Amino acid sequence: MKNNKIEDRTLLEEDIKLLGYEQMRYSIFAGEDVNRQEYQVRIECVQDGFEVYTTRDRASVTGKYSFENFEDARNKFIRLLKLMVLSNQEAVKEGERPVYSSPLWDK
């Protein structure tokens, strides 16, 4: 299987733009230890395929998912972004603090 990081990155960036998620914390193929932030959704190209995961406080890794093909990894990455938006919108609605400030969920 051939990985084309440039095309794959472009597809993910288009997805993010269509959803209006440009303000979110995410990382696309930056390298596991590069630009790691708290509460970030990340996708990395690894030897056998792709890994998708989120970071939490102090940028610790939560739930790492491995995929052999880009489409499955892409779907999980987008799903995690959507879940981040929904959970923070719900937190704000319930009077709780979101994990970070964003126009996607701030009042």
Side-chain angles (χ1 to χ4, degrees):
M1 165 198 279
K2 181 183 173 203
N3 293 336
N4 188 333
K5 281 200 230 183
I6 294 171
E7 287 179 16
D8 294 347
R9 177 189 301 272
T10 300
L11 284 172
L12 286 168
E13 288 171 344
E14 288 172 358
D15 291 342
I16 290 166
K17 187 172 182 175
L18 283 170
L19 291 166
Y21 288 178
E22 298 98 319
Q23 299 295 321
M24 292 189 71
R25 294 180 186 172
Y26 62 88
S27 176
I28 302 171
F29 308 139
E32 194 167 340
D33 296 322
V34 178
N35 191 32
R36 187 178 288 215
Q37 299 176 36
E38 291 184 330
Y39 303 101
Q40 183 182 52
V41 180
R42 300 180 64 93
I43 184 169
E44 301 295 347
C45 191
V46 294
Q47 187 176 21
D48 295 333
F50 302 90
E51 290 182 343
V52 178
Y53 58 96
T54 57
T55 60
R56 295 290 178 213
D57 48 349
R58 295 187 301 275
S60 60
V61 173
T62 302
K64 194 176 268 192
Y65 303 91
S66 297
F67 300 94
E68 293 180 9
N69 66 70
F70 173 70
E71 281 305 312
D72 290 342
R74 176 184 176 193
N75 289 335
K76 186 64 169 184
F77 179 80
I78 296 301
R79 192 172 319 125
L80 289 176
L81 287 172
K82 288 178 178 180
L83 287 172
M84 178 79 74
V85 171
L86 291 172
S87 66
N88 281 290
Q89 286 174 339
E90 184 66 24
V92 169
K93 182 179 174 183
E94 296 295 322
E96 300 170 9
R97 294 183 60 184
V99 294
Y100 63 89
S101 183
S102 171
L104 293 168
W105 50 74
D106 289 345
K107 289 184 178 181

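As the structure is a prediction and not an experimental result, all values here were calculated from the model.
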Minimum-distance pair of heavy atoms, taken over all atoms of A73 and F50
CB-CB, 3.6 Å
Interatomic distance, OH@Y65 vs CD1@I43, rounded to 0.5 Å, equals 13.5 Å
With rounding to the nearest 0.5 angstrom, report the CD to CD distance, E94 to E90.
5.0 Å
Within 6.0 Å of NZ in K82, more than 12 heavy atoms from elsewhere
no
Verify, without hydrogens or angle tests, whether Q40 (side chain) and N35 (backbone) share a donor-acceptor contact under 3.5 angstrom.
yes
Report the relative orientation of the aromatic rings in Y100 and W105; use parallel for angles under 30°, tilted for 30 to 60°, perpendicular for over 60°.
perpendicular
Between the CZ atom in R79 and the NZ atom in K76, the distance rounded to the nearest 0.5 Å is 5.0 Å
Over 12 foreign heavy atoms within 6.0 Å of CG, L18:
yes
Closest non-hydrogen atoms of G31 and E44, given as atom of the first, atom of the second and distance, are N-OE1, 2.9 Å
Please verify the inter-ring angle class for F77 with Y26; under 30° counts as parallel, over 60° as perpendicular, anything in between as tilted.
perpendicular
Here the gap from E32 atom CD to R42 atom CZ, rounded to the nearest 0.5 Å, amounts to 7.5 Å
Would you check if F67 and N75 make a side-chain contact, meaning some heavy-atom pair closer than 4.5 Å?
no
Side-chain heavy atoms of M84 within contact of L104, under 4.5 Å
no
Do the non-hydrogen side-chain atoms of D106 and P98 ever get within less than 4.5 Å of each other?
yes
Return the CD to OG distance between E22 and S102, rounded to the nearest 0.5 Å.
10.5 Å
Contact check, side chains of L11 and F70, non-hydrogen atoms, under 4.5 Å:
yes
Quick one: are D72 and E68 in side-chain contact, heavy atoms under 4.5 Å?
no
Does the side chain of I16 come within less than 4.5 Å of I28's, by heavy atoms?
yes
Within the 4.5 Å heavy-atom criterion, are Q37 and T55 side-chain neighbours or not?
no
With clusters defined by side-chain heavy atoms of hydrophobic residues (ILVMFWY) lying less than 4.5 Å apart, directly or transitively, does I78 cluster with L86?
no
Under 3.5 Å: donor-acceptor pair, side chain of R74, backbone of L12:
no
Reported OH-to-OG distance for the pair Y39 and S87, which is rounded to 0.5 angstrom:
10.5 Å
